Amino acid sequence: MDQVRWGMIGCGAVTEKKSAPALSKVAGSRLVAVMRRDGTLAADYARRHGIARWYDDADALIADPEVNAIYIATPPDSHEDYTARAAAAGKPVYVEKPMARTHEECRRMIAACREAGVALFVAYYRRRLPTFLKARELLAEGAIGEPRFVNVRLSRPPEGSDFQRENPPWRVQPEIAGGGHFFDLASHQLDLLDFLLGPIAAAGGRAANQAGLYAAEDIVVASWEHESGVLGAGQWCFTTAEVDRVDRIEIIGGAGRIELATFAPKPVRLLRETGEERFEAEWPEHIQQPLIETVVGELLGGEHCPSSGESAARTAWVMDQIVRGWETRTGIPY
């Protein structure tokens, strides 16, 4: 490739600012075509974003000779299918997170791309944001000594759409999302811990639906062990009061701790006996752009992308282990 010319499948909210504009702002990259099943909406999206062509059929977009790479920005239930179609056409894939509904689906996506000889990347973009690169730098330089354990807590009130019992959002429909908000949000955190502390070797947990707003789990507790020996524990609840809204990761070492938030550009806090240091880090206008730069770089034969199908599949495996019992009880695809 001398230029990455993207065809995008799916034109949802995540693409409006987080990703699609960056596909044409990164050097050596251009978004040339989009697809949405509703042709009227696809045409409107293309017009608003200054994109030359639009489709209402994924196969037509994939077959477009001007398109040489595919960005899949649909809900998780279609990721495997679209990845297989793109791979069969010999076109590399950048797919939204979570990579798929289950680890098994991820494995098949990896196999399809490997067999076709094309690259597979996943949009775990926190691996390239300054906040988390700073946390990784602090760990690498031994700022807290040897890491011992990590605590994760994410709790928030229900979203307004969570109360739509007759038409719940796809993110809480297990047959589409693989689970509920845990799959959508905790996947970012667990992937980030893979990036900061290394792969997770063992995990388990319990999940439940306490509020009854939708079919998916609304609370999860988990524990795990990284290959490095670092132990972890997490609690996720999506039906708390506003006063109990929390977004916090704590990494505790023998000589101090690092605190950071996952979903807001808050300072990284380093706490040691000598006092506290804070490290500010702004997030880019298009939050996926730093990762997309590495995707394009790798496709053009340069920079390595830190978020591959293999790394994202590890996160899917961890989520599977944490909610295994819940999925068995509820019949969620597994």
Side-chain angles (χ1 to χ4, degrees), residues 74-80 95-109 122 124 149-159 161-194 199-226 231-241 244-249 262-263 311-334:
T74 57
D77 63 328
S78 59
H79 288 183
E80 180 187 354
V95 63
E96 270 302 327
K97 49 61 57 186
M99 181 176 171
R101 294 176 299 180
T102 67
H103 180 244
E104 182 57 34
E105 289 182 350
C106 295
R107 290 182 60 210
R108 292 195 292 264
M109 292 164 68
V122 182
Y124 282 118
F149 62 97
V150 57
N151 284 327
V152 179
R153 183 178 169 193
L154 182 66
S155 56
R156 56 176 56 181
E159 299 177 357
S161 58
D162 290 341
F163 295 95
Q164 298 173 6
R165 295 176 184 271
E166 299 304 316
N167 184 32
W170 66 259
R171 285 182 173 84
V172 294
Q173 295 185 47
E175 66 276 13
I176 297 176
H181 293 301
F182 173 76
F183 274 68
D184 183 37
L185 300 175
S187 59
H188 269 302
Q189 296 175 305
L190 293 166
D191 182 81
L192 179 60
L193 294 181
D194 180 287
I200 292 173
R206 296 186 69 84
N209 183 306
Q210 294 179 329
L213 298 178
Y214 41 73
E217 78 293 331
D218 59 18
I219 185 169
V220 177
V221 295
S223 61
W224 59 87
E225 181 177 1
H226 292 263
L231 298 182
Q235 308 88 40
W236 296 266
C237 184
F238 303 100
T239 58
T240 63
D244 292 312
R245 182 185 288 270
V246 177
D247 170 13
R248 183 170 61 243
I249 294 177
T262 308
F263 300 103
S311 64
R314 293 198 298 267
T315 294
W317 178 83
V318 172
M319 291 192 296
D320 276 4
Q321 303 311 301
I322 290 172
V323 300
R324 180 183 292 271
W326 171 255
E327 290 187 340
T328 300
R329 289 194 302 273
T330 58
I332 295 171
Y334 187 58

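Remember, it's a predicted structure, so these values are computed and weren't measured experimentally. Note that these values count all heavy atoms, side chains included, but never hydrogens, waters or copies made by symmetry.
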*Which residues pass the side chain to side chain donor-acceptor pair (under 3.5 Å) test with Ser223, sequence neighbours left out?*
none

*Could you pull out the closest heavy-atom pair between Tyr124 and Pro98, with the gap in Å?*
OH-CA, 3.7 Å

*asked:* For Phe183, give me all partners under ring-ring contact (aromatic ring centres under 6.0 Å, His included), at least two apart in sequence or on another chain.
replied: none

*Which heavy atom of Ala207 sits nearest a heavy atom of Glu217, and at what distance?*
CB-CB, 4.0 Å

*How long is the gap from CG on Leu190 to CD1 on Ile322, to the nearest 0.5 Å?*
5.0 Å

*Is the Tyr214 ring parallel, tilted or perpendicular to the His181 ring (thresholds 30°, 60°)?*
perpendicular

*asked:* Apply side chain to side chain contact (heavy atoms under 4.5 Å, CB included) to residues His226 and Leu193 and explain how you reach the verdict.
replied: CA-CA 9 Å; His226 292 263; Leu193 294 181; 4.0 Å; yes

_Are Val152 and Trp236 packed together at the side-chain level, in the sense that at least one heavy-atom pair is separated by less than 4.5 angstrom?_
yes

*asked:* Between Glu225 and Gly232 (side chain of the first, backbone of the second, donor and acceptor by atom type, cut-off under 3.5 Å), is there such a pair?
replied: no

*asked:* Tell me every residue that passes side chain to side chain contact (heavy atoms under 4.5 Å, CB included) with Ala211, counting only those two or more places apart in sequence or in another chain.
replied: Leu213, Asp218, Thr239

*Heavy-atom side-chain proximity of Thr315 to Val122 below 4.5 angstrom*: no

*Under the side chain to side chain donor-acceptor pair (under 3.5 Å) test, which residues partner Arg314, sequence neighbours left out?*
Asp194

*asked:* Working to the nearest 0.5 angstrom, can you tell me the gap between His79 NE2 and Thr74 OG1?
replied: 4.0 Å

*To the nearest 0.5 Å, what is the distance between CZ (Arg101) and OG (Ser78)?*
9.0 Å

*All side chain to side chain contact (heavy atoms under 4.5 Å, CB included) counterparts of Arg107, not counting sequence neighbours*: His103, Glu104

*Is there a donor-acceptor pair under 3.5 Å between the side chain of Lys97 and the backbone N or O of Leu185?*
no

*Where Met109 and Met99 come nearest, the two heavy atoms and their spacing*: CE-O, 3.6 Å

*Decide whether Trp224 and Gln321 meet the rule of one side-chain donor and one side-chain acceptor closer than 3.5 Å.*
no

*Asp247 with Arg156: basic N within carboxylate O range, under 4.0 Å*: no

*Mind listing the closest non-hydrogen atom pair of Trp326 and Ala208 along with its distance?*
CZ3-CA, 3.9 Å

*Can you tell if the side chain of Pro157 reaches within under 4.5 Å of the side chain of Arg245, non-hydrogen atoms only?*
yes

*Mind checking side chain to side chain contact (heavy atoms under 4.5 Å, CB included) for Ala233 and listing every partner two or more places apart, or none if nothing turns up?*
Asn151, Gln235

*What is the distance from atom CE of Met319 to atom CH2 of Trp317, rounded to the nearest 0.5 Å?*
12.5 Å

*Point-to-point distance, once rounded to the nearest 0.5 Å, from SG of Cys237 to CZ of Arg153*: 8.5 Å

_Looking at Asn209 and Ala216, would you say the former's side chain and the latter's main chain have a donor-acceptor pair under 3.5 Å?_
yes

_For Asp244, is there any backbone N or O sitting under 3.5 Å from a side-chain donor or acceptor partner on Ser155?_
yes

*From Leu154, Ile219, Asp162, residue fulfilling side chain to side chain contact (heavy atoms under 4.5 Å, CB included) relative to Phe238*: Leu154

*Roughly how far, to the nearest 0.5 Å, is the CZ atom of Phe182 from the OG atom of Ser187?*
8.5 Å

